[in-house]
Amino acid sequence: MIKVSPSLLAADYLHFDKAVDKVIASGADALHYDVMDGEFVPAITFGEGLLDFLSKKPIAMDVHLMIVHPEKHIKAFADAGARYITIHQEAAGFGMADTLKLIRECGCLAGVSIKPFTNVDALTDVLDLVDLILIMTVEPGKGGQKLIPFTLDKVRQIKSMCEQKGVSPIIEVDGGINTQTAASAVEAGANMLVAGSAFFKAGDPKEFVAALKNL
Ligand code: DX5
Ligand code: ZN
C-alpha cells in the first residue's frame, strides 16, 4: 500500500487552511511539513507554531526537519502534533541514534533522511531505530526541482539493507515526484511519496493521489 504525503511547501501561503483541506479531501495519507532553518539549507520556512494550528486537522503531520541540531526541537514539534518526525543524518551527527530514540519517546514515528550524495551506509547502525527512511530525490532546500535518477539506486540499496536486517521501515522519497517519476520510485522500493508542486498543480488532486496510490 502506497502512502502519499503532499508537501505544504508548494501551497498558496495566503491560504494554509484551504491547502490542508485540499490535502485531506484528496485522500492523501499525510501532510508533508518541510522545516528549513536557513543553515542546513539556505531557506527558512515554518516552525512548530504553525504546525500546532494545522495539526488540529484530521491528517497525520509528516514533519521533515532540514535543520541543524534537530535534537533541540523534537519535543516542540511532537507537542505541536507531529505524527512522523524525520531528521537528517548529515545534521544529526554523533547524536543521531539518541535523537531517533527521543522522537519515539515523544510518541512520534522516527524518521531519518539522507541527501542525494550521502552514502546509504551512513544509516547502517540506526536501521532498527527508525520507522521511516526518507531518501531525498533532489537536493533539499526548495521545491519544483527534477528528480535525480541515481537517487533511486539508493532506494534499492536501503530496501535490501532493511531486508537483510529483517526490518521494514517505510521508505519515503521526496523531490521531483510526479505521476511518471513516482512509478520508478515505487518500482525501486519506495512506499511513501512526497509531492509538492505536482500535487498543488494537479487539476484533480483526488485523481492525482489515486494514481500514485494505485502504483
Ligand atoms: C525539498 C522538500 C520537499 C519539497 C518537494 O527540500 O523537502 O518536500 O516540498 O517539492 P517538489 O515535490 O515540488 O519537488
Ligand atoms: Zn520534504
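Whatever order the structure lists them in is the order used to number ligands and atoms, beginning at 1.
- Considering only non-hydrogen atoms, atom 1 (C) of ligand 1 lies nearest to Lys142 out of Glu139, Lys142, Glu172.
- Looking at His32 against ligand 1, only its side chain comes within 4.0 Å, counting heavy atoms.
- Judged by distance alone, the side chain of Thr137 and the main-chain N or O of Asp174 form a donor-acceptor pair under 3.5 Å.
- Aromatic ring centres of Phe53 and Phe46 lie farther apart than the 6.0 Å criterion allows.
- Taking every heavy atom of Gly144 and a limit of under 4.0 angstrom, the matching atoms of ligand 1 come to 11 (P), 13 (O), 14 (O).
- At a heavy-atom distance under 4.0 Å, only backbone atoms of Ala195 (N, CA, C or O) approach ligand 1.
- In terms of modelled atom types and a separation under 3.5 Å, the side chain of Asn178 and the main chain of Thr181 share a donor-acceptor contact.
- No other N/O/S atom of His64 lies as close to the Zn ion (ligand 2) as ND1 does.
- Salt-bridge annotation for Asp21 and Lys18: absent, with no side-chain N of the basic residue lying under 4.0 Å from a carboxylate O of the acidic one.
- Each of the following atoms of ligand 1 lies closer than 4.0 Å to a heavy atom of Gly175: 14 (O).
- Ser5 and Asp62 are linked by a side-chain donor-acceptor pair at a separation below 3.5 angstrom, with hydrogens and angles left out of the test.
- Remark: side-chain polar atoms of Thr45 are paired, donor with acceptor, to backbone N or O of Met36 under 3.5 angstrom.
- Atom CD of Glu139 has more than 12 heavy atoms from other residues, nucleotides or ligands within 6.0 Å.
- Set against the non-hydrogen atoms of Ser197, the atoms of ligand 1 under 4.0 Å away are 11 (P), 12 (O), 13 (O).
- Ligand-side atoms of ligand 1 in range of Pro140: 6 (O), range being under 4.0 angstrom from any heavy atom.
- Summary: OD1 is the N/O/S atom of Asp34 found nearest to the Zn ion (ligand 2).
- Proximity of the aromatic rings of Phe117 and Phe150 is defined here by a centroid distance below 6.0 angstrom, and this criterion is met.
- Remark: the backbone N or O of Leu132 is not paired with any side-chain donor or acceptor of Tyr84 at under 3.5 angstrom.
- Exactly one residue among His69, His73, His88, His64 makes a ring-ring contact (aromatic ring centres under 6.0 Å, His included) with Phe40. That residue is His88.
- Nearest non-hydrogen protein atom to atom 9 (O) of ligand 1 is Ser7 OG, 2.8 Å.
- Listed by atom number, the atoms of ligand 1 under 4.0 Å from His64 heavy atoms are 7 (O).
- Annotation: atom 3 (C) of ligand 1 to nearest protein heavy atom, Asp174 OD1, 2.9 Å.
- Those atoms of ligand 1 that come under 4.0 Å of a heavy atom in Met66, given as number and element, are 6 (O), 7 (O).
- Contact annotation: Asp34 has at least one heavy atom less than 4.0 Å from an atom of ligand 1.
- No heavy atom of Ala10 sits closer than 4.0 Å to any atom of ligand 1.
- The protein non-hydrogen atom at the shortest distance from atom 6 (O) of ligand 1 is Gly141 N, 2.8 Å.
- Taking atom 12 (O) of ligand 1 as the reference point, the nearest protein heavy-atom neighbour is Gly196 N, 2.7 Å.
- Here the N, O or S atom of Asp174 that is nearest to the Zn ion (ligand 2) is OD2.
- Residue contact check: Gly143 has heavy atoms under 4.0 Å from atoms 10 (O), 13 (O) of ligand 1.
- In terms of protein heavy-atom proximity, atom 14 (O) of ligand 1 is nearest to Gly176 N, 2.8 Å.
- Counted within 6.0 Å of NZ on Lys22, heavy atoms from surrounding residues, nucleotides or ligands total more than 12; the atom is thus considered enclosed.
- With Asp34 contributing its side chain and Ser7 its backbone, the two residues share no donor-acceptor pair below 3.5 Å.
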